[in-house]
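Step one of this worksheet: look at the structure below.
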Amino acid sequence: MRFKISALYTFVLLVSLSCSSTTQKPKEEPSDNEVKPSMVEPVSNFGSGTQKTIKLQNGFEILVGGEEDFDSFKTYTLFKLNRNGIQLFQDTSQTEYEFGDKLYPLSFSFDNEKFNLLVEVNDRPSKNYLKLFKIDGEKLVKIEKLPTFIAHAKNLDSDNELEFAGFWDYPQISSDEDGNKITAYNPILYYYLSKRGLEVDTALTKERNTAIYGKFYGFEFMESIEVSSTTLTNHDAEVERIKNLK
């Protein structure tokens, strides 16, 4: 009888251990802006399709191919980023990179071998955006999305530091149920270079968008937030101020 009880206990214990091993909490997936192994493809996949090579400071080199000419601009659907001959990133996802704006590619170095690199991406008919590559030494750490900048870095407030500014999309006007002219909340974001790289200047962004919209609704473009079309006058005036500052 003791043997039967012992055998039954052993069986229950084994089943319990088996169930617990299959119900363990899965590992968390990386967030969207973390670099996943599948994003970095072998060098051989790029083949001999390089049509343009852009050499930058600090050993960076961009190679692109798959050119398509639209007369007023060109796009490239093959993209490879190297540093000191080491591949950091390769994109064959059909993302369309552009190099017609003299402001980009744009790179910054800070804090001992850390870098930010900005490249323009075609998103027509919407407004183009920037890919921000965050690099530590010869390793790509993150990729983030930023709005294209209105102008070169300028002193946009009174702190004697230089800032960039940009917004997410082109303003559009529509009518609400009462026939009032409205537009979507489209904040202008302000950036400065810190010891951690390019960062949003939170205070300046809140201050300037409160002046434009009467209230700060956040850092993202939001169609769900409808504001009076008269705010476009303030928005346009701020864009012109940024463009015209020396």
Side-chain angles (χ1 to χ4, degrees), residues 30-36 39-40 52 54 56 60 62-70 72-81 88-108 115-135 140-154 156 162-172 183-193 196-202 204-205 208-209 212 217-225 232 235-236 238-239 242-243:
S31 63
D32 291 341
N33 59 8
E34 288 180 350
V35 178
K36 305 167 188 175
M39 296 171 67
V40 183
K52 185 182 183 76
I54 303 167
L56 305 171
F60 287 104
I62 295 173
L63 294 84
V64 294
E67 179 185 290
E68 192 165 0
D69 192 340
F70 295 93
S72 59
F73 66 95
K74 294 179 181 180
T75 64
Y76 299 85
T77 51
L78 296 176
F79 177 95
K80 184 165 66 173
L81 174 63
L88 305 182
F89 176 75
Q90 180 171 315
D91 191 349
T92 56
S93 68
Q94 300 306 303
T95 297
E96 297 180 347
Y97 294 87
E98 284 191 42
F99 299 92
D101 191 324
K102 293 181 180 179
L103 183 55
Y104 318 109
L106 184 62
S107 64
F108 309 98
F115 305 93
N116 283 175
L117 178 64
L118 291 161
V119 181
E120 185 177 8
V121 175
N122 173 43
D123 200 29
R124 293 174 176 82
S126 298
K127 190 169 177 286
N128 286 2
Y129 65 90
L130 300 175
K131 267 191 178 182
L132 169 61
F133 296 95
K134 294 188 172 183
I135 299 153
L140 178 60
V141 179
K142 276 187 178 181
I143 301 175
E144 296 181 355
K145 182 177 177 179
L146 269 64
T148 51
F149 296 146
I150 296 166
H152 291 270
K154 300 177 180 182
L156 300 179
L162 299 181
E163 292 91 14
F164 289 98
F167 55 94
W168 290 111
D169 211 343
Y170 299 117
Q172 296 185 12
T183 188
Y185 175 66
N186 188 21
I188 297 176
L189 304 185
Y190 299 79
Y191 297 86
Y192 71 104
L193 188 63
R196 295 179 296 276
L198 202 61
E199 292 190 287
V200 174
D201 188 327
T202 303
L204 183 57
T205 298
R208 300 307 299 172
N209 285 287
I212 293 170
Y217 296 96
F219 298 92
E220 298 294 330
F221 171 84
M222 285 185 280
E223 288 184 315
S224 60
I225 296 179
L232 292 180
H235 192 280
D236 291 345
E238 177 65 359
V239 170
I242 293 167
K243 285 181 178 178

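Bear in mind the structure is a predicted one, so any value in this text is a computation, not a measurement.
- A donor-acceptor contact shorter than 3.5 Å is absent between the side chain of Lys243 and the backbone of Ala151.
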Could you please spell out the steps behind the side-chain contact (heavy atoms from CB on, under 4.5 Å) verdict for Val239 and Phe167? CA-CA 9 Å; Val239 170; Phe167 55 94; 3.8 Å; yes
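- Between the side chain of Tyr185 and the backbone N or O of Gly218 there is at least one donor-acceptor pair closer than 3.5 Å.
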Decide side-chain contact (heavy atoms from CB on, under 4.5 Å) for Leu118 and Phe108; before the verdict, give the C-alpha distance in whole Å, the side-chain angles of both, and the deciding distance to 0.1 Å. CA-CA 9 Å; Leu118 291 161; Phe108 309 98; 3.9 Å; yes
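- Using modelled atom types, no side-chain atom of Lys127 and backbone atom of Pro171 make a donor-acceptor pair closer than 3.5 Å.
- Note that CG of Leu232 and OG1 of Thr183 are 4.5 Å apart. Values are rounded to the nearest 0.5 Å.
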Let me see the working for Phe221 and Asn186 under side-chain contact (heavy atoms from CB on, under 4.5 Å), right down to the final yes or no. CA-CA 5 Å; Phe221 171 84; Asn186 188 21; 3.3 Å; yes
From CA spacing to verdict: salt bridge (Lys or Arg N to Asp or Glu O under 4.0 Å), Glu67, Lys52: CA-CA 9 Å; Glu67 179 185 290; Lys52 185 182 183 76; over 6 Å; no
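- Nearest approach of Ile242 to Ala165, heavy atoms of both residues: CD1-CB, 3.7 Å.
- Atom-to-atom distance recorded for Phe164:CZ and Leu103:CG is 6.0 Å, nearest 0.5 angstrom.
- No more than 12 heavy atoms of other residues, nucleotides or ligands shown are found within 6.0 angstrom of CD on Gln172.
- Applying the side chain to side chain contact (heavy atoms under 4.5 Å, CB included) test to Glu96 and every residue at least two apart in sequence or in another chain returns Thr75, Thr77, Asn122.
- Note that CD of Glu120 is 9.0 Å distant from CZ of Phe99, once rounded to the nearest 0.5 Å.
- With contacts defined as side-chain heavy-atom distances shorter than 4.5 Å, the pair Ile62/Tyr97 does not qualify.
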Dump the intermediate steps for side-chain contact (heavy atoms from CB on, under 4.5 Å) on Ile135 and Phe89, then the final yes or no. CA-CA 11 Å; Ile135 299 153; Phe89 176 75; over 6 Å; no
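- Summarising the geometry of Ala153 relative to Leu162, their closest heavy-atom pair is CB-CB, 4.0 Å, with the distance given to 0.1 Å.
- We find the CD-CG distance between Glu163 and Leu189 to be 13.0 Å, quoted to the nearest 0.5 Å.
- Here NZ of Lys131 is found 5.5 Å from CD1 of Ile143. Values are rounded to the nearest 0.5 Å.
- No side-chain donor-acceptor contact under 3.5 Å links Trp168 to the backbone of Met222.
- Aromatic ring centres of Phe133 and Phe79: separated by under 6.0 Å.
- With rounding to the nearest 0.5 angstrom, the CG atom of Leu198 is 11.5 Å from the CG atom of Leu117.
- In this structure a side-chain-to-backbone donor-acceptor pair under 3.5 Å is present from Asn128 to Asp123.
- Cation-pi geometry between Arg124 and Phe70 is not satisfied (NZ or CZ under 6.0 Å from the ring centre, within 45° of the ring normal).
- Scanning both residues, Glu98 and Lys74, for their nearest heavy atoms gives CG-O, 3.5 Å.
- Annotation for Ser93 and Thr95: closest pair OG-OG1, 2.9 Å, computed over non-hydrogen atoms.
- A donor-acceptor pair under 3.5 Å is absent between the side-chain atoms of Thr148 and the main chain of Tyr129, judged by distance alone.
- Between Phe60 and Phe115, the ring-plane angle classifies as perpendicular under the 30° and 60° cut-offs.
- The backbone N or O of Tyr217 lies less than 3.5 Å from no partner atom in the side chain of Asn209, so there is not a single donor-acceptor pair.
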